[in-house]
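Data block below; observations after.
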There are 2 protein chains.
Amino acid sequence: MRLLIAVCQVDYIGRLTAHLPMAPRLILVKADGSVSVHADDRAYKPLNWMSPPCHLTEEPGLWRVINKSGEELRITIDEVLHDSEHALGKDPGLQKDGVEAHLQELLAEHPDTFGAGFTLVRREYPTAIGPVDLMCRDASGASVAVEIKRRGEIDGVEQLTRYLELLNRDPLLAPVAGIFAAQEIKPQAKVLATDRGIRCVTVDYHKLRGIGSDELTLF
Amino acid sequence: MRLLIAVCQVDYIGRLTAHLPMAPRLILVKADGSVSVHADDRAYKPLNWMSPPCHLTEEPGLWRVINKSGEELRITIDEVLHDSEHALGKDPGLQKDGVEAHLQELLAEHPDTFGAGFTLVRREYPTAIGPVDLMCRDASGASVAVEIKRRGEIDGVEQLTRYLELLNRDPLLAPVAGIFAAQEIKPQAKVLATDRGIRCVTVDYHKLRGIGSDELTLF
DNA sequence: TCGTAAATTTCGTCA
DNA sequence: TGACGAAGTTTACGA
């Protein structure tokens, strides 16, 4: 990884045109050839960048980074304030816990979260337009399709609506009810879901996790 | 801006739990207090980060970054390979061209892009579920709602469908036709739109821009 | 390669 | 401050 602090001007010509006037910034050149330009604020997003795979050609005072789609990042360098190179090696990678897959796993183990007598038919129930997160039966044996999100927004309701439309065409399954389950559901999503007869269930991830294991209480 | 190359372990405890095993990485501490941890690949996304506003407390071998919501980034430092500080000052900022707002502006100026005799009623036409990008009338005086995207995908068609459903309940306005306009429309979005009687219009941004001004020809 | 869905999305705007 | 939608979204995962 190469770290360059330099007074530079940056121009991106690609999906849009973007221009950064001459000013001191950090330029990162990584082992995969990618380049990013950072200001002295914001942790997450670079001011400008070129994602790998791409190719850097370096002339005195002018760097060009080009990718296969013909997008270009042009860095004009006026003055170099710092320049160092560091070998880091491949990163062992990030381990995550608490994402949607895990939430689905927990709800599959505890279908009664949706109501007394609910049972799981299967996870990732296949349909022509993709798998439904959970297919359940309620206490009376009626089919219930469940869409799970970490944050419930309108997109998720639309997704479940498409599944329900399709599933209800199957006479062996119909009628299929819908449940929209998420850790947090946005007001507009709740309104749309309710309007379409879809029930909204807000899930407490930590509480649900506590049912199956006592991991959390160990801390 | 402080640049630290260090052998470190990183743990994030917040919206989820994430863990990075001990390995050499770049740690960026910016003037706004934000911290990000980078591996030697990927230009855009850090491995781990804490967005501003947040607060860094530094002990020998252990850094803690905490924000107001109680999220925490814990960095255990085993060995420092490089450590430097650089004053950059405030960045003049990025100038962009070619985003959706600009596309909407151009199409508002040239409603005849959608057909001879088309006129603009108004931009950001208000409805109960949000504003429609453009409301127009065709040559016969019939209402046409236009949804504009840079890239046309399924969710854009769904969005327009919701607007049309609502607008067509208004007897003073109905029938309202729909146009889905974008620089590029994905095949699946085109299929869904067509199935719903929504016309798709692919817009050439540069050509459209050329109509109003000759800026581009100056280059 | 294309398409779809997730993301600690982040980032702006507007009420 | 919260909600909503755009983003050069990026990134990961299937078909």
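Letters go in sequence order (proteins before strands), and every chain restarts at 1.
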So, B:E124 versus B:Q104: side-chain donor-acceptor pair below 3.5 Å or not? yes

Kindly point out which of D:dA7, C:dT8, D:dG8 is positioned nearest to the side chain of B:L16? C:dT8

Taking NE2 from A:H102 and C1' from C:dT8, how many angstroms apart are they, rounded to a whole number? 17 Å

Pairwise P distance, D:dG8 and C:dA5 [rounded to whole Å]: 22 Å

Taking only nitrogen or oxygen atoms into account, show me every contact under 3.5 Å that the protein makes with nucleotides 1-4 of chain C, one pair per line with its distance.
| unit_1 | atom_1 | unit_2 | atom_2 | d |
| --- | --- | --- | --- | --- |
| C:dT4 | OP1 | B:Q188 | OE1 | 2.5 |
| C:dT4 | OP1 | B:Q188 | NE2 | 3.4 |

Excluding sequence neighbours, so at least two apart, what forms side chain to side chain donor-acceptor pair (under 3.5 Å) with A:E58? A:R2

Classify A:D155 by what it touches in the nucleic acid, base, sugar-phosphate, or nothing, heavy-atom distance under 4.0 Å. nothing

In terms of side-chain heavy atoms of A:E100, which of C:dA7, D:dA6, C:dT8 is nearest? C:dA7

Given atom CD1 of B:I148 and atom C1' of D:dG5, what is their separation to the nearest angstrom? 14 Å

Side chain to side chain contact (heavy atoms under 4.5 Å, CB included) filter on B:P24, not counting sequence neighbours, yields A:L88, B:V7, B:L81

Measure from the side chain of A:Y163, starting at C-beta and using heavy atoms only, and say which of C:dT8, D:dG8, C:dA5 lies closest. C:dA5

Taking side chain to side chain donor-acceptor pair (under 3.5 Å) as the definition, give me every residue that meets it alongside A:E72, ordered by chain and number, with sequence neighbours left out. A:R64, A:R74

Check: protein-nucleotides 10-14 of chain D nitrogen or oxygen pairs below 3.5 Å:
| unit_1 | atom_1 | unit_2 | atom_2 | d |
| --- | --- | --- | --- | --- |
| D:dT10 | OP1 | A:R15 | NH2 | 3.3 |
| D:dT10 | OP2 | A:R15 | NH1 | 3.1 |

P atom, C:dT8 versus C:dT4: distance in rounded Å? 22 Å

Taking only residues two or more places apart in sequence, or in another chain, which ones meet A:D97 in a side chain to side chain contact (heavy atoms under 4.5 Å, CB included)? A:H102, A:Y205, A:R209, B:T17

A:K190 atom NZ is separated from D:dC4 atom P, nearest whole Å, by 11 Å

side-chain contact (heavy atoms from CB on, under 4.5 Å) with A:L134: of A:V144, A:V121, A:I148, only one passes, and it is A:I148

Gap between atoms CD and P, on A:E184 and C:dA6 respectively (whole Å): 15 Å

